[in-house]
Peer 1: 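I have a structure I would like to understand better, so I am pasting it below and will then ask my questions one at a time.
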2 protein chains.
Amino acid sequence: MTGDDTFDIAPDWVDGETKALEAPHDHRAELRLWLRLLTCSTLVESEVRRRLREEFDSTLPRFDLMAQLERAPDGMVLGEVSKRMMVSPGNITVLVERLTESGHLSRTTLPTDRRVQIIALTPFGRAEFEKMAARHADWISDLFAGLAPADGGVLMDELAKLKRSVIASLAKGG
Amino acid sequence: MTGDDTFDIAPDWVDGETKALEAPHDHRAELRLWLRLLTCSTLVESEVRRRLREEFDSTLPRFDLMAQLERAPDGMVLGEVSKRMMVSPGNITVLVERLTESGHLSRTTLPTDRRVQIIALTPFGRAEFEKMAARHADWISDLFAGLAPADGGVLMDELAKLKRSVIASLAKGG
DNA sequence: CGGAGAAATTTCAAGCTTAAAATTGTTTTG
DNA sequence: CAAAACAATTTTAAGCTTGAAATTTCTCCG
C-alpha cells in the first residue's frame with residue numbers, strides 16, 4: 001500500500017473533491033498518535049487495576065462508581081451515574097448490586113417516582129473510598145513523577161485540544 | 001476511571017513559576033491530567049468499538065489481534081502476540097479460537113516444539129483486515145482532524161515523556 | 001535413561017461491558 | 001378515564017478480561 005501510485009490515475013468523471021475524499025490520505029501521524037495515547041492510558045490503567053485488586057481486593061469500576069458518589073452526599077440517581085461514568089445503565093445495575101451487598105452503598109426508591117433509584121455511599125463505604133482514593137492519588141503521582149510540571153501543563157492543554165476535536169467530530173459525523 | 005473530566009480549562013497554575021502550590025500531598029494536578037488522558041482515550045476507543053461493530057460486526061480485540069499479525073506474514077507465536085498486545089495468554093486463546101472458526105486465522109503447531117502454536121492471517125483474514133484497517137484509519141483521522149499538525153507533534157512528544165515516566169516508575173518497583 | 005523443573009498454552013471461575021428486549025411506573029392525550 | 005407514549009431500570013445473551021490452577025511438552029542434569 002505504501003509507495004504505490006495506483007491512485008494517482010483517476011477516471012475523468014471523478015472531480016477534484018471526490019477524488020480528494022477517496023485518495024489514500026496519509027493517516028500515519030494520527031494513527032501513531034492514537035496508539036501512543038492508548039499505550040499510555042493502558043499502562044496506567046492496568047497498573048491501577050492491579051493495585052486496587054492487590055491492596056483493596058476491589059476493582060476500577062467499583063472505585064469509579066464510589067468516586068462519583070463521593071461528591072453527592074445526598075446520593076445520585078442511577079441514570080445520572082450511568083451518564084457521568086459513560087457506561088450503559090445495565091452495567092450500573094450490576095455494580096450497585098455488588099456494592100450494596102458489601103455494605104458500601106445504600107439504595108432507595110424515590111417515593112414520588114417509584115421508577116427512580118437513588119444510591120449513596122454509606123459511612124462505611126465513604127471511609128473505605130477515602131482510603132482507596134488516597135492511595136490512588138499516590139500511585140498516579142508516582143507514575144507521573146518523571147514528567148516535569150511544565151510538561152504536565154503542556155499535556156493538559158494539548159489533551160484539551162484533542163478532546164475538543166474528538167467531541168466536535170462525534171457531534172458532526174456520529 | 002472513565003468520567004466527566006470536569007476540569008476543562010487548563011490550569012494556569014501548572015507551570016514552573018508556581019511551585020509553591022505544590023505541597024507535598026497535593027496530587028491534584030497529576031490526577032486531573034490522568035482523568036483527562038483517560039477521557040480522551042475512552043472517547044476515541046468507544047467510538048472505534050462502536051463502528052467496528054456496526055460496520056464490520058467485529059470487535060476491537062479482534063482487530064488488534066489481526067493488526068499484530070498483519071506484519072508477520074509467516075505468523076507469530078501465541079506468547080509473542082500476548083506480550084505485544086499486553087493482555088493475558090488466556091485471553092489470546094479465546095480470541096484465536098473465534099477468529100480461527102470464522103476463517104480469519106490459521107493455526108499450526110510447531111513441529112519441533114509441540115507446545116508452540118503459530119497463528120497467521122489467512123488470505124481471507126488479510127483481505128478483511130485491510131478493509132477494516134482502511135476504515136479505522138479514516139475514523140481516527142476524522143476524530144483527530146481538529147488538532148493542528150503542530151499540536152499533534154507536541155502531543156506525541158509529551159506522551160513519549162509520560163510513557164517514559166510511567167515505565168520508569170513501574171520498573172523502579174511500584 | 002529418567003525425573004525435576006521450566007515453558008507454552010489452555011481451562012476455570014469470577015467479574016466487567018454492552019446492546020437490545022423486557023419490565024415497571026409515570027405522563028400525556030384523545 | 002384509558003390508551004399510548006415515554007422514562008428509568010433490570011434482564012438477557014454474548015463477548016472480553018484476568019489471575020490462578022491445570023495440562024502438555026520440552027530440557028537439563030545426574
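All values reported here derive from a predicted model rather than from experimental measurement. Here is how names work: the chains are called A, B, and so on, in the same order as the sequence lines, proteins then strands, and each is numbered from 1.
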Peer 1: Kindly point out which of C:dA19, D:dT10, D:dT17 is positioned nearest to the side chain of B:Arg53?
Peer 2: C:dA19
Peer 1: Determine the interplanar angle of the A:His136 and A:Phe63 rings, folded into 0 to 90°, and report it as parallel if under 30°, tilted if 30 to 60°, perpendicular if over 60°.
Peer 2: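 Plane angle between 30° and 60°, so tilted.
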Peer 1: By nearest nucleotide on DNA chain C, pick out whichever of B:Val116 and A:Arg114 is the more 5' one.
Peer 2: B:Val116
Peer 1: May I have the distance from B:Arg115 (atom CZ) to C:dA7 (atom C1'), rounded to whole angstrom?
Peer 2: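 It works out to 5 Å between those atoms.
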Peer 1: Starting at CE of B:Met85 and ending at C1' of D:dC16, how long is that distance when rounded to a whole Å?
Peer 2: 11 Å
Peer 1: In plain terms, say whether A:Arg98 and A:Glu101 are close enough for a salt bridge, that is, a side-chain N and a carboxylate O under 4.0 Å apart.
Peer 2: no
Peer 1: Would you check, one step at a time, whether the test side chain to side chain donor-acceptor pair (under 3.5 Å) holds for A:Thr108 with A:Gln117?
Peer 2: CA-CA 6 Å; A:Thr108 327; A:Gln117 300 284 323; over 6 Å; no
Peer 1: To the nearest Å, how far apart are B:Glu45 CD and C:dT17 C1'?
Peer 2: 12 Å
Peer 1: Whole Å only: how far is the CE atom of A:Met76 from the P atom of D:dA8?
Peer 2: 15 Å
Peer 1: Do other residues, nucleotides or ligands put more than 12 heavy atoms under 6.0 Å from A:Arg32 CZ?
Peer 2: no
Peer 1: B:Gly79 near the nucleic acid: base, sugar-phosphate alone, or nothing, with a heavy-atom cut-off under 4.0 Å?
Peer 2: sugar-phosphate
Peer 1: Picking from D:dT18, D:dT9, C:dT11, which would you name as closest to the side chain of A:Leu78?
Peer 2: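 When the side chain of A:Leu78 is considered, D:dT9 is the closest of D:dT18, D:dT9, C:dT11.
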Peer 1: For B:Glu80 and A:Ile92, find the nucleotide of DNA chain C closest to each by heavy atoms; which residue's nucleotide sits nearer the 5' end?
Peer 2: B:Glu80
Peer 1: Taking atom C1' of C:dG15 as reference, at what distance in whole Å does atom CZ of A:Phe63 sit?
Peer 2: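 Roughly 18 Å, once rounded to whole Å.
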Peer 1: How far apart are the closest heavy atoms of B:Pro61 and B:Met85, and which atoms are they?
Peer 2: O-CE, 3.9 Å
Peer 1: Classify the nucleic acid contact of B:Arg49 as base, sugar-phosphate or nothing, counting any heavy atom under 4.0 Å across all strands shown.
Peer 2: nothing
Peer 1: Are OP1 or OP2 of D:dT18 and a side-chain N or O of B:Asn91 less than 4.0 angstrom apart?
Peer 2: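 Answer yes for this pair, as a side-chain N or O of B:Asn91 is under 4.0 Å from OP1 or OP2.
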Peer 1: Measure the distance from CE on B:Met86 to P on D:dT17 and round it to the nearest whole Å.
Peer 2: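 Value for this atom pair: 12 Å.
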Peer 1: Kindly say whether A:Leu78 contributes a backbone atom to a donor-acceptor pair with the side chain of A:Ser82 at under 3.5 angstrom?
Peer 2: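 No; zero donor-acceptor contacts below 3.5 Å.
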Peer 1: Would you give the length of the straight line joining atom CZ of B:Arg51 to atom CZ of B:Arg135, rounded to the nearest 0.5 angstrom?
Peer 2: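 Here the interatomic distance stands at 7.5 Å.
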Peer 1: Within this structure, what is the CZ-to-P distance between B:Arg62 and D:dA14, rounded to whole angstrom?
Peer 2: 13 Å
Peer 1: Verify the contact: side-chain N or O of B:Arg98 to OP1 or OP2 of D:dC16, cut-off strictly under 4.0 Å; return yes or no.
Peer 2: yes
Peer 1: Using a cut-off of less than 4.0 Å, is there contact between a side-chain N or O of A:Arg50 and OP1 or OP2 of D:dT17?
Peer 2: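 Answer no for this pair, as no side-chain N or O of A:Arg50 is under 4.0 Å from OP1 or OP2.
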Peer 1: Determine the interplanar angle of the B:His104 and B:Phe124 rings, folded into 0 to 90°, and report it as parallel if under 30°, tilted if 30 to 60°, perpendicular if over 60°.
Peer 2: tilted
Peer 1: Could I get a table of every N or O pair under 3.5 Å where one atom is in the protein and the other is in nucleotides 1-4 of chain D?
Peer 2:
none

Peer 1: Let's see if you can work this out: which of D:dA8, D:dT10, D:dC16 has an atom nearest to the side-chain heavy atoms of A:Val77?
Peer 2: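 Looking only at side-chain atoms, A:Val77 lies closest to D:dA8.
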Peer 1: With a non-hydrogen cut-off below 4.0 angstrom, is B:Pro61 in contact with a base, only sugar-phosphate, or nothing?
Peer 2: sugar-phosphate
Peer 1: Reckon B:Thr59 touches a base, only the sugar-phosphate, or nothing at all at heavy-atom distances under 4.0 Å?
Peer 2: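 If one applies the 4.0 Å heavy-atom cut-off, B:Thr59 turns out to touch the sugar-phosphate alone, with no base involved.
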Peer 1: Between C:dT9 atom P and B:Asp113 atom CG, what is the distance in whole Å?
Peer 2: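 Spelled out: CG on B:Asp113 to P on C:dT9 is 9 Å.
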Peer 1: Both B:Leu110 and A:Ile118 contact DNA chain D. Taking the nearest nucleotide for each, which residue is further toward the 5' end?
Peer 2: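 Between the two, 5'-proximity favours A:Ile118.
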